2 protein chains.
Amino acid sequence: MAKKKTKNIVVIGGGTGTYTVLKGLKDHDVNLTAVVSMMDSGGSNRILRDEFGLLPTSDIRQCIVALADEDTKNDDLRKLFTYRYESGTGISGMTFGNLFMAALTDIYGSQKVAIKKTCELLHVKGEILPVTYDNSHLVARYDNGKQVLGEHFIDEPEEEIAKHKIIELELLPKASVNREVVSVINNADLIVIGPGDLFTSIICNLIVDGVVNAIKDSKAKCVYVMNLMTKYGETTDYTANDHLRTLENYLGKGTLDFCLVNSSKSFPRGIISKYKEERAKPVKNDLKNDHFKVVRRSMVGNKVYQRGKSDLVKRSLIRHDPKKLAKALLSLL
Amino acid sequence: MAKKKTKNIVVIGGGTGTYTVLKGLKDHDVNLTAVVSMMDSGGSNRILRDEFGLLPTSDIRQCIVALADEDTKNDDLRKLFTYRYESGTGISGMTFGNLFMAALTDIYGSQKVAIKKTCELLHVKGEILPVTYDNSHLVARYDNGKQVLGEHFIDEPEEEIAKHKIIELELLPKASVNREVVSVINNADLIVIGPGDLFTSIICNLIVDGVVNAIKDSKAKCVYVMNLMTKYGETTDYTANDHLRTLENYLGKGTLDFCLVNSSKSFPRGIISKYKEERAKPVKNDLKNDHFKVVRRSMVGNKVYQRGKSDLVKRSLIRHDPKKLAKALLSLL
């Protein structure tokens with residue numbers, strides 16, 4: 001009997017959504033590649049960009065932690081990579097991982113080499129690729145005509161802006177896809193888009209020149225993982241269908257094969273009212289099968305996440321259950 | 001034939017002098033322990049002490065680099081541990097190693113555990129022990145009656161102070177020796193004191209309660225390695241004999257078995273005039289055998305060190321040759 005070929009899965013995103021997908025898939029026999037957004041401008045990344053002149057690596061850092069070997073020997077480095085300083089003028093709020101990669105970049109004169117060396121040091125399973133090495137910022141245009149520059153201000157907009165809908169997301173200046181990304185997408189069996197902040201973690205990858213064409217040219221199946229919750233100021237009151245249509249504005253119609261949607265209504269106790277305070281709510285599933293198939297699975301994790309006091313950006317309080325999400329994704333292969 | 005017992009060598013100091021001793025001895029079949037001063041208050045250490053509330057670890061960091069496995073697999077971590085940031089408000093001038101240990105201390109809630117974990121991660125050969133875990137500052141009294149608080153201001157004194165001689169060095173508050181240090185000194189075959197800044201790297205260890213008694217109680221041979229150069233403001237115009245007598249004010253007479261002195265007069269080109277600008281010069285050897293034996297060896301290294309532009313303290317430009325120094329020390333066993 002011929003040996004079954006190990007499947008290639010490419011996960012596109014950044015942030016905690018992608019972390020969850022990687023965390024779940026890492027324990028399975030698949031070749032994993034994370035394609036990660038490089039447009040972050042909040043918290044630790046602002047300092048990296050403005051003071052170190054580097055590309056932001058927080059999304060890379062999260063993927064490294066997700067895919068790092070969980071062997072006890074590797075424990076200290078993994079713990080360090082999740083560590084955020086709470087002391088030191090100019091240091092508080094910085095992540096150890098970003099400072100680690102900044103030092104390696106200076107030593108090797110290349111952020112690309114620094115990322116690869118870091119992955120080696122942490123015995124990362126799979127590959128982590130920046131979607132681009134171009135230094136570029138997000139620009140969002142809202143339905144009142146206003147434009148906002150910078151990922152962080154789109155991720156957590158001012159109140160005057162938050163009331164409005166994003167009607168277009170662009171990169172300034174334009175960025176070109178990392179050639180290695182085209183190659184892994186080309187060889188993929190499954191492309192996983194999301195979950196994650198629709199504009200600031202997902203679409204920000206698709207607007208890099210060359211990414212959408214690579215996805216269209218690939219024979220891989222393509223799945224979008226629907227978010228659990230809406231996000232005020234970015235996807236306020238969006239239904240599942242709103243997410244889908246917005247995504248397809250950038251990805252093109254007919255590219256998706258599946259949309260994976262959570263079917264469980266049982267959220268951890270008190271979490272809905274907590275989200276209500278932030279004017280967010282569970283994404284309403286109003287999807288019907290279309291040119292893609294809607295796959296419904298119960299996938300809500302039962303862990304409630306806390307935000308660290310030195311966290312400089314807001315993070316999701318609940319997430320997909322990594323195991324359930326992985327199982328659902330693997331069933332699509 | 002009975003197997004020869006591996007000899008135990010304890011090196012007392014801190015700074016580049018101790019680095020050189022460790023670097024030289026590490027390639028030999030000996031059990032090495034570095035006992036390291038914890039009174040540093042300059043550069044990266046000021047931030048550690050004042051902003052992180054931690055004990056200073058720069059001397060520890062240098063010893064870690066000296067004793068880290070030089071296997072290629074360990075290369076990146078070793079390089080990182082010698083790295084000093086040159087960018088970032090509040091970060092520039094900090095060493096990666098100190099930030100690394102600060103993060104581990106926060107994770108484990110103990111600086112002691114953090115140091116041990118760091119040594120494991122860098123595959124350190126031998127052991128590195130802080131002379132004390134008490135948080136204490138150096139106080140120097142000068143021959144004009146003035147007192148100066150803080151290692152950094154004694155190491156690089158203001159001009160008005162630099163003209164005067166240190167007549168007493170104390171700790172404020174008093175500090176007690178790390179119990180592990182007593183045990184390794186007790187089991188030592190050879191105790192190496194120096195080379196290094198006489199007050200701020202050497203005597204600062206001897207004034208920790210319990211250290212001198214441990215040395216006196218030990219059956220180990222005890223050697224003082226004489227500095228190559230005087231240091232303006234700390235040992236201005238000191239001869240070898242001046243160094244010795246000052247050391248013995250703290251160590252007690254009759255404790256030293258050997259004084260190891262450089263006999264070579266050939267210094268790297270241009271270095272003497274460079275030192276002259278800093279009002280320093282080669283230490284004149286006016287020693288005669290006493291209750292200790294004077295051992296003369298040619299030990300000047302031919303490498304000239306540069307100071308980094310983000311270095312916050314002055315470092316030695318020339319050093320002992322690690323191989324020659326180690327050979328001389330091993331001949332005393």
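Numbered from 1 within each chain, the chains take letters A, B, ... in sequence-line order. The structure presented is a predicted model; accordingly, all values stated were derived computationally and were not measured.
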Residue B/Leu80 versus chain A: region with a heavy atom under 4.5 Å: both
Side chain to side chain contact (heavy atoms under 4.5 Å, CB included), paired with A/Glu151, selected from A/Asn45, A/Asp197, A/Asp40: A/Asp40
Identified side chain to side chain contact (heavy atoms under 4.5 Å, CB included) counterpart of A/Val65 within the set A/Val124, A/Thr82, A/Leu22, A/Ile60: A/Thr82
A/Asn8 vs A/Val184 side-chain heavy atoms within contact, under 4.5 Å: no
Heavy-atom pairs under 4.5 Å with chain B, option from A/Leu104, A/Asp50, A/Asp76, A/Leu77 with the top count: A/Asp76
Partners passing ring-ring contact (aromatic ring centres under 6.0 Å, His included) against A/Phe100 (at least two apart in sequence or in another chain): A/Phe81, A/Phe96, B/Phe96
Residues of residues 24-35 of chain A near chain B, each having a heavy atom less than 4.5 Å away: none
Any residue of residues 109-117 of chain A which, by heavy atoms, sits under 4.5 Å from chain B: A/Lys117
Within-4.5 Å side-chain heavy-atom neighbours: B/Arg61 and B/Thr118: no
Check: B/Pro130 main-chain N/O paired with B/Asn178 side-chain donor or acceptor under 3.5 Å: yes
Heavy-atom pair count under 4.5 Å with chain B, highest-scoring of A/Gly90, A/Ser87, A/Gly53, A/Ala102: A/Ser87
ring-ring contact (aromatic ring centres under 6.0 Å, His included) against A/Tyr83, all qualifying residues, sequence neighbours excluded: A/Tyr85
